[in-house]
Amino acid sequence: MEALASGPTAPAAARSATEAFFARSAHEVARELVGATVLVDGVGGRIVETEAYASDDPASHSYRGETARNRTMFGSPGRLYVYRSYGIHWCANVVCDDDRVGAAVLLRAIEPTHGVEAMHARRGTVDARLLCSGPGRLTQALGITAGLDGHAVDAPPLELFLSETADVVAGPRVGISRAVERPWRYTLRGSPFVSRPRPRA
DNA sequence: CAGTGGATGCTCT
DNA sequence: GAGCATCCACTGT
């Protein structure tokens with residue numbers, strides 16, 4: 001993937017390749033991010049689980065309009081939206097934009113491939129399957145906090161490498177109470193590193 | 001295994 | 001004051 005040439009203050013007209021990739025529906029982006037590799041300071045791995053949150057989605061933080069918390073969701077695509085979950089964990093999204101602002105893709109699980117030692121140290125677990133298999137776990141393992149909110153996903157310390165097409169399965173989202181039935185959770189088929197139900201086959 | 005409850009902070013009603 | 005896009009420890013089968 002190309003490096004992001006323009007900084008935060010660059011003219012909006014000069015949209016980078018990364019921004020263009022994320023300037024689509026959260027569904028397309030969520031599906032294509034499965035199989036991609038994301039690193040923070042060289043620590044991370046292959047994305048095996050994502051969820052799409054659309055702009056007109058009752059389950060999305062952006063549904064009721066812009067607030068102080070979700071401001072990043074209404075900005076440039078290709079940036080991280082980081083928020084605190086249940087008062088304890090951080091959750092990381094990538095902002096999308098399919099003509100309507102307020103869409104994003106939640107990163108739910110990663111297969112650890114880079115900097116596994118650092119992840120173990122941060123997480124304090126010995127089970128590789130539990131290092132990044134959940135939105136709160138993966139932010140802890142990669143060291144993602146509110147400090148990275150609004151940060152471009154391809155600007156240091158973040159790196160993103162897209163992949164060839166992966167074998168992706170769609171299913172219902174996890175942990176939400178509204179629009180529960182929408183099958184907007186995307187997982188890498190058969191991966192033992194997804195967060196929820198152990199893949200049965 | 002399945003089910004329950006506690007921790008903990010912030011947003012919105 | 002309720003309700004979370006969660007995780008973990010602990011209980012009982």
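Note on naming: letters A, B, ... go to the chains in the order of the sequence lines (proteins, then strands), and numbering restarts at 1 for each one. From a predicted model like this one, the values you see are computed outputs, not experimental measurements.
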Atom pairs under 3.5 Å, N or O on each side, protein against nucleotides 11-13 of chain B: can you list them with distances?
{"residue": "B:dC12", "atom": "OP1", "partner": "A:Thr67", "partner atom": "OG1", "Å": "2.6"}

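- Listed by chain and number, the residues in a side-chain hydrogen bond (donor to acceptor under 3.5 Å, both in side chains) with A:Glu66 amount to none (sequence neighbours excluded).
- From A:Asp127, atom CG reaches atom OG of A:Ser133 across 8.0 Å, with rounding to the nearest 0.5 Å.
- For A:His27, there are no side-chain hydrogen bond (donor to acceptor under 3.5 Å, both in side chains) partners, not counting sequence neighbours.
- For A:Gln140, the side chain to side chain contact (heavy atoms under 4.5 Å, CB included) partners at least two apart in sequence or on another chain are A:Arg123.
- Under the side-chain hydrogen bond (donor to acceptor under 3.5 Å, both in side chains) criterion, A:Arg173 pairs with A:Asp57, not counting sequence neighbours.
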Note, DNA chain B 5' to 3' with Watson-Crick or G-U pairs under 3.5 Å encoded as ( ), [ ], | and . gives |||||||.||||.

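- Nearest-nucleotide mapping onto DNA chain C: of A:Gln140 and A:Ala92, the residue sitting toward the 5' end is A:Ala92.
- A:Thr37 is linked by a side-chain hydrogen bond (donor to acceptor under 3.5 Å, both in side chains) to nothing, counting only residues two or more places apart in sequence or in another chain.
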Grab the N/O contacts between the protein and nucleotides 2-8 of chain B below 3.5 Å, and write none if there aren't any.
{"residue": "B:dT8", "atom": "O2", "partner": "A:Tyr86", "partner atom": "O", "Å": "2.4"}

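- Scored by the salt bridge (Lys or Arg N to Asp or Glu O under 4.0 Å) test, A:Arg178 finds no partners at all (sequence neighbours excluded).
- Once you apply a 4.0 Å limit to the heavy atoms of chain A, the touched nucleotides of DNA chain C run 5' to 3' over C:dC4 to C:dC8.
- How far CG of A:Leu188 is from CZ of A:Arg46: 5.0 Å, rounded to the nearest 0.5 Å.
- Note that OG1 of A:Thr187 and CZ of A:Arg31 are 9.5 Å apart. Values are rounded to the nearest 0.5 Å.
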Before you tell me yes or no, could you show the steps for A:Thr72 and A:Asp149 under side chain to side chain donor-acceptor pair (under 3.5 Å), namely the whole-Å CA-CA distance, both residues' side-chain angles and the distance that decides it to 0.1 Å? CA-CA 7 Å; A:Thr72 300; A:Asp149 181 51; 3.0 Å; yes

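- Residues meeting the side chain to side chain contact (heavy atoms under 4.5 Å, CB included) test with A:Ala104, sequence neighbours left out: A:Met73, A:Asn93.
- Pairs of residues two or more places apart, or lying in two chains, that qualify as salt bridge (charged side-chain N to carboxylate O under 4.0 Å, His left out) and include a residue from residues 155-170 of chain A are A:Asp167-A:Arg189.
- In summary, A:Glu32 and A:Arg24 engage in a salt bridge, as defined by a charged side-chain N under 4.0 Å from a carboxylate O.
- If you check every strand for non-hydrogen atoms under 4.0 Å, A:Arg178 touches nothing.
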